[in-house]
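Scroll down for the structure; my scribbles are underneath it.
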Amino acid sequence: MPDQPDQPVRDALTETLAHQVLGRLADVQGPYFGEFGGRFVPEALIAALDELETEYRKALGDPAFTAELARLHREYTGRPSPLTEVPRFAEHAGGQRVFLKREDLNHTGSHKINNVLGQALLVKRMGKTRVIAETGAGQHGVATATAAALLDLECVVYMGEEDTRRQALNVARMRLLGAEVVPVQIGSRTLKDAINEALRDWVANVESTHYLLGTVTGPHPFPEMVREFHRIIGEEAREQVLDRVGRLPDALAACVGGGSNALGLFNAFLDDEGVALYGFEAGGEGIDSGRHAARFSGGAPGVLHGARSYLLQDDDGQTLPSHSVSAGLDYPSVGPAHAWLHDLGRAVYEPVTDDEAMEAFRLLCCTEGIIPAIESAHALAGALRVGRRAADDGRTDQVILVNLSGRGDKDVATAATWFGLLDDEAAQAAQGTEGDK
Amino acid sequence: MSAATSPVGTMPVASATGDRIAALRAEGRAALVGYLPVGFPDVERSVEAVLAMVDAGADVVEVGVPYTDPVMDGPVIQRAAEAALAGGTRVRDVLRVAEAVASHTAGRVPTLVMSYWNPLLRYGVDAFARDLAAAGGAGVITPDLIPDEGAEWIAASDAHGLDRVFLVAPSSTPERLQRTVRATRGFVYAASTMGVTGARSQVGARAEQLVADTRAAGARDVCVGLGVSTGDHAAQVGRYADGVIVGSALVGALLADGPWSARIDELQRRTADLADGVRRARGAGPVAAGRTVLAVDDSTTVDPTSQETSP
Ligand SMILES: Cc1ncc(COP(=O)(O)O)c(C=O)c1O
């Protein structure tokens with residue numbers, strides 16, 4: 001497909017035609033989402049990606065596969081995850097009704113397990129014996145190590161050296177689960193470098209190994225496949241809201257790192273025109289500071305890790321470092337389906353700063369007794385903003401559905417430091433400054 | 001002999017690299033393609049190093065654009081790229097290398113730019129092709145661009161008369177080999193092994209079969225890279241391939257400790273050893289007889305990733 005950098009698909013005729021040809025937005029298949037996506041990877045990986053695509057399509061059509069995945073969701077993960085109304089929190093959101101989709105209550109503490117179980121079952125079908133994964137905060141690494149233990153797979157997790165220090169407890173968790181954690185000591189030593197290292201491993205070991213990618217980024221078929229394994233979030237939530245409220249929500253709010261929890265929630269509502277979709281990116285210390293991970297506010301279309309999407313980059317196309325208080329949102333690119341929804345105008349993406357996210361984090365803790373992941377706190381801050389804006393426009397009857405993508409156990413040390421809740425000695429101990437050794 | 005031309009495209013486009021390989025074939029040997037990144041240890045000295053490599057026997061220059069996320073490269077080239085970026089190297093600096101090589105060799109030695117895709121996308125694909133052609137460059141090697149995604153590059157390289165070197169791997173199916181061969185001009189880059197760049201003690205066992213399969217898919221010129229490090233490797237690969245591509249072993253010479261002049265000497269020693277290898281391969285060249293084969297110290301350049309993670 002011809003590339004047209006920096007040229008958003010805004011042409012009305014194109015949109016209409018696309019809609020007619022493609023039917024429902026929710027069913028769009030890769031490799032391209034509009035002009036985003038694709039396969040910008042070494043030729044050496046193409047055979048494996050082709051095999052993966054074939055196997056995944058076969059599996060989704062195989063009742064034995066879908067039944068086994070459904071059984072694991074029910075008996076292992078604890079699905080369906082509940083929908084919780086949060087009225088005391090909602091008082092701060094312009095008086096709207098706010099509901100949380102409780103992915104934080106899943107086994108391993110976040111939505112990540114949905115995708116991991118799906119891919120791990122695929123690995124068994126493909127007859128591979130080894131999985132590798134990248135992780136930033138450690139949530140995807142923990143989920144992958146968990147599934148590997150459950151399904152008897154060898155597991156290696158690549159993690160930036162910087163992150164192994166910041167998230168020492170999750171390193172220990174992965175090792176308890178039997179995974180090997182490899183600290184990556186090149187580049188910025190964070191998530192993007194962990195992905196580079198995982199890709200290098202994959203090229204060298206592709207015959208025995210599956211790269212269990214943790215979000216809706218990467219080369220085709222990952223963006224589409226990971227969306228398929230997460231669409232259950234929105235499908236459950238749609239029924240739960242209809243059941244509880246008797247109508248569809250007015251707005252959805254989700255945080256967007258790579259974009260898997262957001263796309264999982266959005267997908268069931270993409271073709272409901274009356275439902276507004278909001279994705280919240282990490283605004284870090286503010287867009288003007290340059291220290292953020294807001295790809296739509298501060299990035300431009302480009303190619304990273306196999307897909308064309310929005311990207312933080314300099315004038316030379318070199319990837320710029322991202323920044324966020326939340327490791328899970330700290331990534332310089334974003335899934336191509338979000339780039340497509342952004343350019344179509346179907347979803348709106350806004351930055352939420354570290355300060356706003358931490359305020360919302362604290363608010364949910366003390367109004368509802370729920371400690372959210374700092375990633376999810378970005379969605380909560382966004383919901384507060386959306387609710388207040390509607391109230392300013394004179395509407396106080398809005399129903400806002402927030403994806404609470406994960407729980408905050410892993411973030412207690414960060415929050416304690418942020419809010420000054422511990423004395424110096426205890427704070428140091430909590431941060432685990434001695435690293436992962 | 002007629003000029004090498006592209007098998008695809010609306011018009012036949014001459015290939016500077018293809019012509020060079022054809023001329024060497026007539027001499028009875030494979031080409032030595034030598035890789036160095038621009039900007040290591042700085043732009044000035046990287047130009048000097050490339051010219052020294054040419055003087056020591058490289059037939060084709062491959063000059064790398066340093067990139068923040070080089071997923072096809074092992075630790076040696078990563079380290080050099082990281083240092084080049086830290087020193088402020090820009091994409092446009094490769095044009096200086098192409099110019100310097102063209103004027104130093106009166107156009108005899110073609111320069112191919114090796115670049116990951118995003119830097120060229122950001123520069124502007126057509127603009128880069130135009131500027132590279134104007135600088136006397138021969139074409140581009142694109143390690144993370146497959147022909148399926150290459151429409152814009154294929155058009156730009158046709159418009160500006162540049163070679164486009166795509167890669168094939170031991171995992172490539174016959175259909176993909178054909179597709180890649182059809183889209184390629186200059187030579188097809190055959191990855192000797194499933195893995196990233198980095199010197200290895202042996203050349204991948206699947207390389208020879210891959211070259212044969214790539215020829216069966218219609219390629220005339222096939223060069224082998226990844227893990228080719230020594231004169232003996234070059235002699236072995238040069239028997240069946242049209243070119244031998246060497247990167248990490250040469251970059252490793254520049255990464256070593258010691259004064260710059262000593263590192264350049266080592267670079268030239270390694271290049272000469274490799275140049276001797278391609279001449280020994282088919283027992284053709286006169287150089288083979290008198291030249292000593294120097295051992296390359298592999299210990300500094302062996303890629304630990306590929307060693308550790310191999311099952
Ligand atoms: C709890 C939680 N939410 C969100 C994310 C961001 O990922 P994504 O945007 O793919 O949902 C992460 C990533 O680590 C996470 O752990």
Side-chain angles (χ1 to χ4, degrees), chain A residues 1-6 31-32 37-48 50-51 129-130 132 154 156 182 185-188 192-193 195-209 219 300-306 308 311 313-321 332-333, chain B residues 65-75 78-79 81-82 85 89-92 115-125 142-153 155 166-173 176-177 180 189 191 193-196 226 303 305-311:
Chain A
M1 151 187 154
D3 262 332
Q4 296 169 312
D6 303 45
Y32 303 107
R39 278 185 174 176
F40 296 86
V41 290
E43 165 68 22
L45 291 177
I46 298 297
D50 280 341
E51 182 198 7
T129 54
R130 179 175 178 267
I132 55 174
E154 185 188 343
V156 176
V182 180
Q185 299 167 335
I186 190 95
S188 60
K192 94 176 166 60
D193 308 284
I195 295 175
N196 291 340
E197 209 52 26
L199 285 167
R200 291 181 190 117
D201 179 319
W202 203 28
V203 172
N205 301 297
V206 69
E207 276 162 33
S208 69
T209 299
V303 165
L304 179 67
H305 294 148
R308 183 165 188 276
L311 173 64
Q313 56 183 319
D314 70 11
D315 290 347
D316 254 7
Q318 307 289 352
T319 310
L320 287 172
S333 189
Chain B
V65 173
Y67 177 52
T68 42
D69 299 280
V71 296
M72 270 294 280
D73 286 306
Q78 284 176 46
R79 257 205 291 157
E82 204 170 25
L85 286 174
T89 304
R90 302 294 307 266
V91 172
R92 60 173 178 264
S115 182
Y116 290 90
W117 193 232
N118 200 52
L120 302 192
L121 205 53
R122 190 69 175 165
Y123 190 105
V125 175
T142 51
D144 61 348
L145 185 74
I146 55 175
D148 321 45
E149 304 284 0
E152 191 182 7
W153 165 232
F166 290 108
L167 280 73
V168 293
S171 60
S172 301
T173 59
R176 289 208 58 82
L177 289 178
T180 306
Y189 187 133
T193 181
M194 296 296 288
V196 296
L226 294 195
D303 172 4
T305 329
S306 69
Q307 307 290 320
E308 282 168 10
T309 53
S310 290

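So that the names make sense, note that chain A is the first sequence line, chain B the second, and so on, each numbered from 1.
- Looking at A/Glu207, the atoms closer than 4.5 Å to chain B (heavy atoms on both sides) all sit in the side chain, from C-beta outward.
- With rounding to the nearest 0.5 angstrom, the CG atom of B/Asn118 is 8.5 Å from the CD atom of A/Gln318.
- Looking at B/Leu85, the atoms closer than 4.5 Å to chain A (heavy atoms on both sides) all sit in the side chain, from C-beta outward.
- Counting only heavy atoms from C-beta outward, the side chains of B/Pro119 and A/Gln313 never approach each other to under 4.5 Å.
- Residues A/Thr319 and B/Thr68 come closest through the heavy atom pair N-OG1, 3.0 Å.
- Looking at B/Pro66, the atoms closer than 4.5 Å to chain A (heavy atoms on both sides) all sit in the backbone: N, CA, C or O.
- Most heavy-atom pairs under 4.5 Å with chain B: of the set A/Asp316, A/Leu304, A/Ile186, this distinction falls to A/Asp316.
- Heavy atoms closer than 4.5 Å to chain B are found nowhere in A/Ile132, neither backbone nor side chain.
- Minimum interatomic distance between B/Ser172 and A/Glu43 (heavy atoms only, all atoms of both residues): OG-OE2, 2.9 Å.
- At a threshold of 4.5 Å between non-hydrogen side-chain atoms, the residues A/Arg39 and B/Asp148 do not count as touching.
- Using a 4.5 Å cut-off between heavy atoms, B/Thr89 touches chain A through its backbone atoms (N, CA, C, O) alone.
- With chain A as partner, the option from B/Val91, B/Val65, B/Thr193 having the largest number of non-hydrogen pairs under 4.5 angstrom is B/Val91.
- Contact tally against chain A (heavy-atom pairs below 4.5 Å) for B/Ile146, B/Val168, B/Leu167, B/Thr142: the top residue is B/Ile146.
- When A/Asp314, A/Leu320, A/Val156 are compared by the number of non-hydrogen pairs under 4.5 Å with chain B, A/Asp314 comes out ahead.
- Summarising the geometry of B/Arg122 relative to A/Ala300, their closest heavy-atom pair is NH1-CB, 3.6 Å, with the distance given to 0.1 Å.
- Of the listed residues A/Asp50, A/Val41, A/Leu199, the one with more heavy-atom pairs under 4.5 angstrom with chain B than any other is A/Val41.
- Taking A/Ala47, A/Ala48, A/Pro42, A/Ala198 one by one and counting their heavy-atom pairs under 4.5 Å with chain B, the maximum is reached by A/Pro42.
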